[in-house]
**Q** 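Questions regarding the structure given below will be posed in turn.
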2 protein chains.
Amino acid sequence: MPAKKPARRVTSTDVARETGLSRATVSFVLNDTPNQSIPQATRQRVLEAAARLGYTPYAPARTLRSGRSDLIVCELPDWPQSPTMAEFVDRAGEVLAEAGYTLVTHVHTDRPGGLGRLCAALAPAAVFGMRPFPPQDVEAMRRARVGVILPPPQAGSGDDLGASVWTTGIGRMQAEHLIAKGHTRIACALPDDPRVSDLSAGRAAGAAQACADAGLPAPARSPVPLDIDGAAGVVSAWRASPDAPTAVCAYNDEVALALLAGMRRLGLSAPGDLAVIGADDIPAARFAAPPLTTIALDSGDLGAHLARALLRTLDGEEQDLTLAPHGVHVVERESA
Amino acid sequence: MPAKKPARRVTSTDVARETGLSRATVSFVLNDTPNQSIPQATRQRVLEAAARLGYTPYAPARTLRSGRSDLIVCELPDWPQSPTMAEFVDRAGEVLAEAGYTLVTHVHTDRPGGLGRLCAALAPAAVFGMRPFPPQDVEAMRRARVGVILPPPQAGSGDDLGASVWTTGIGRMQAEHLIAKGHTRIACALPDDPRVSDLSAGRAAGAAQACADAGLPAPARSPVPLDIDGAAGVVSAWRASPDAPTAVCAYNDEVALALLAGMRRLGLSAPGDLAVIGADDIPAARFAAPPLTTIALDSGDLGAHLARALLRTLDGEEQDLTLAPHGVHVVERESA
DNA sequence: CAGGCGCACTAACACGTGTAACCTGATGGT
DNA sequence: ACCATCAGGTTACACGTGTTAGTGCGCCTG
């Protein structure tokens, strides 16, 4: 491997010259364009030359010509990413690759406009994420002629994609588990991180629905600081209140772990003094004291499912995107 | 907002027609090409029309013309991603954006070739990641004329980027902390996940270096299963061995949490019976019992630093990429 | 043997952009 | 009076690809 790089790109013109054919014929072979009669011998000759020269079609030119790129952008949340998330992206990418698309991800930043600039640079066929995009970015995507945007910008915050699976469904399942265990006074523990306020509100709303269905009072919502003393303070406040909750739905496993640590400091333990259920099933959950009961979802399946829905929408079918809560289930350990 | 979408892209021809100027003049204004005399009035007119029409230059065409794209790909590892990771990407993206580049990420998958296809589709200016790329992908990137690849493929696994900061440096600092606390018999706890075997080996090697520097015997390496019983088994085995370790460097916080849980099951506690130090400072670390001492690194700074090094390399400077361990430090809690 | 027809292939255009080269008046210097 | 210069533009080409509209040519058929 020489250090000098001539830096000359191998184009389809090169393989045309190599085979003595025209560039058009080469293109027909490489894309197996239908309604073209090309003898097997020629076909072989082209493929061989292409492989020998190491020809790779230049995507920008292809995109320019065809008007649409085969890229799909997935916006990753900046909240702590479980291995779950990697699996989600992995499976979604697999499904999309099968359909000829290429998946790239983009980590969300607080500065708005980043996603918009990205879409201007990529001209992707579709963009999807787990929560609604800021209007500024949506505008940029529209200008970049992005075909499909998920969740759709016009959907209210109540019935969009994020709400259906990652939020409402999870919160509901948390509360249902606690209710099945006999609890009647339930609280919701929310993080005080504003970045996830919409998500946490959604999960709490799901829990509230489950309580209403069971004829129970709506759960109180308390922000929980992510340090031991702060969490202990919240627990003390709960126990001092007139209708003290006996169980709590934590926004996620980290909030739940904070609560368990706070209880430990107060000499309390779960589930006896207070049952705690988390969400996401992060690896640390099983090592907590006591091991944390939580909600897991098979995000691999979810990713594949979502990707398929996206493909259908790209094909023009007006598709409703309310996802069935595929494989979301309770992982029962000891804390609830 | 009408439902009908004419789906016509706004091109620079449109703004030329709108202003009554030629397309070239428009281009000169929008890129403020030097050595062109354009009166302020015309300039204003163009900018205004561009804004009014919502013109966005079409990246594929621009890339095709200029030969180089402004994209840079960052391959994210599929190991559990701490918020740390998001911060790393965020800061790196910020620095690159200042220089006119756009950062996209791609989550690593086990199937090789994914990254290669991505590069063929994006034709990025550079690709960087945290560990060496498989040869198949490197070949694809070379064909796609990717300018800079980090870590460079020819570098051995000993001195590349990943080894310098994420592995050796961290392992060394773990061991140094334990040695400073008076420990002389140290063990290393490795995960049994093959995906991170190279990383964990690097961290263990760093710890071994520190021990050698202090004249201590090389630490034993034990794989730790990520469940309580398995971890407890490893701890028992250590204590039964003739030269039982008094402290252990865990590959990361999750392994450390597993060890703490295993010890708890055995009725042991840290740091009295066995000191445990983790790495990464995940949020759950501070909620462990006892709170976990660990190594944190300011990955925001690290990302910015790495991005700047990448930019220098793109500018042609032959840059050595051994990163100074920026802001890696011990977070001392109670477990060690 | 003229005409029609499928085969194998090619010439030429379009996509949207950046830029080098050229053009046209007006002005200034000698 | 004449050339040089310069402001303020425009024309034309290149980038690499996909695709439409042909173009010869051999073969079959009436």
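Lettering follows sequence order; numbering is per chain, from 1.
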**Q** Grab the two heavy atoms, one from A/Cys119 and one from A/Pro124, that are nearest each other, plus how far apart they are.
**A**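 Heavy atoms only, the tightest pair is O-CD, 3.5 Å.
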
**Q** What I'd like to find out is whether the side chain of A/Ser22 reaches to under 4.5 Å of the side chain of A/Val26, using heavy atoms alone.
**A**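 No. Closest side-chain heavy atoms not under 4.5 Å.
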
**Q** Mind checking if A/Ser12 touches a base, just sugar-phosphate, or nothing, with heavy atoms under 4.0 Å?
**A**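 The answer is sugar-phosphate, as A/Ser12 gets under 4.0 Å only of primed atoms, P, OP1 or OP2.
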
**Q** Ignoring hydrogens and geometry, is there a side-chain-to-backbone donor-acceptor pair from B/Asp301 to B/Asp298 under 3.5 Å?
**A**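 No; zero donor-acceptor contacts below 3.5 Å.
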
**Q** Determine whether A/Leu115 and A/Glu75 make a side-chain contact, defined as any pair of heavy atoms from C-beta on separated by less than 4.5 Å.
**A**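 They are in contact (side-chain heavy atoms under 4.5 Å apart), so the answer is yes.
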
**Q** Distance under 4.0 Å to a non-hydrogen atom of chain B counts as contact; along DNA chain D, which nucleotides mark the start and end?
**A**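 First-to-last contact on DNA chain D, by the 4.0 Å heavy-atom rule, is D/dA7 to D/dG16.
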
**Q** Do side-chain atoms of B/Thr33 reach the backbone of B/Val29 as a donor and acceptor pair under 3.5 angstrom?
**A**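 Checked: no pair found.
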
**Q** Work out which heavy atom in A/Arg45 is nearest to a heavy atom in A/Thr19; give both atom names and the distance.
**A**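 Looks like NH1-O, 2.8 Å.
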
**Q** Provide, to the nearest angstrom, the distance between the CZ atom belonging to B/Phe28 and the P atom belonging to C/dG18.
**A**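 The answer, rounded to whole Å, is 10 Å.
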
**Q** Describe the nucleic acid contact of A/Thr25 in one word from base, sugar-phosphate, nothing, applying a heavy-atom distance below 4.0 Å.
**A**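 A/Thr25: base contact, heavy atoms under 4.0 Å.
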
**Q** Looking at residues 36-66 of chain B, who's got a heavy atom less than 4.0 Å off DNA chain D?
**A**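 Residues of residues 36-66 of chain B under 4.0 Å from DNA chain D: B/Ser37, B/Pro39, B/Thr42, B/Leu64, B/Arg65.
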
**Q** Is there a side-chain contact between B/Leu122 and A/Leu122 in this structure, where contact means two heavy atoms from C-beta onward sitting under 4.5 Å apart?
**A**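 Counting from C-beta outward, B/Leu122 and A/Leu122 do come under 4.5 Å.
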
**Q** Please tell me if the side chains of B/Phe133 and B/Ile149 come closer than 4.5 Å, counting only heavy atoms from C-beta onward.
**A**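 Touching, per the 4.5 Å side-chain cut-off.
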
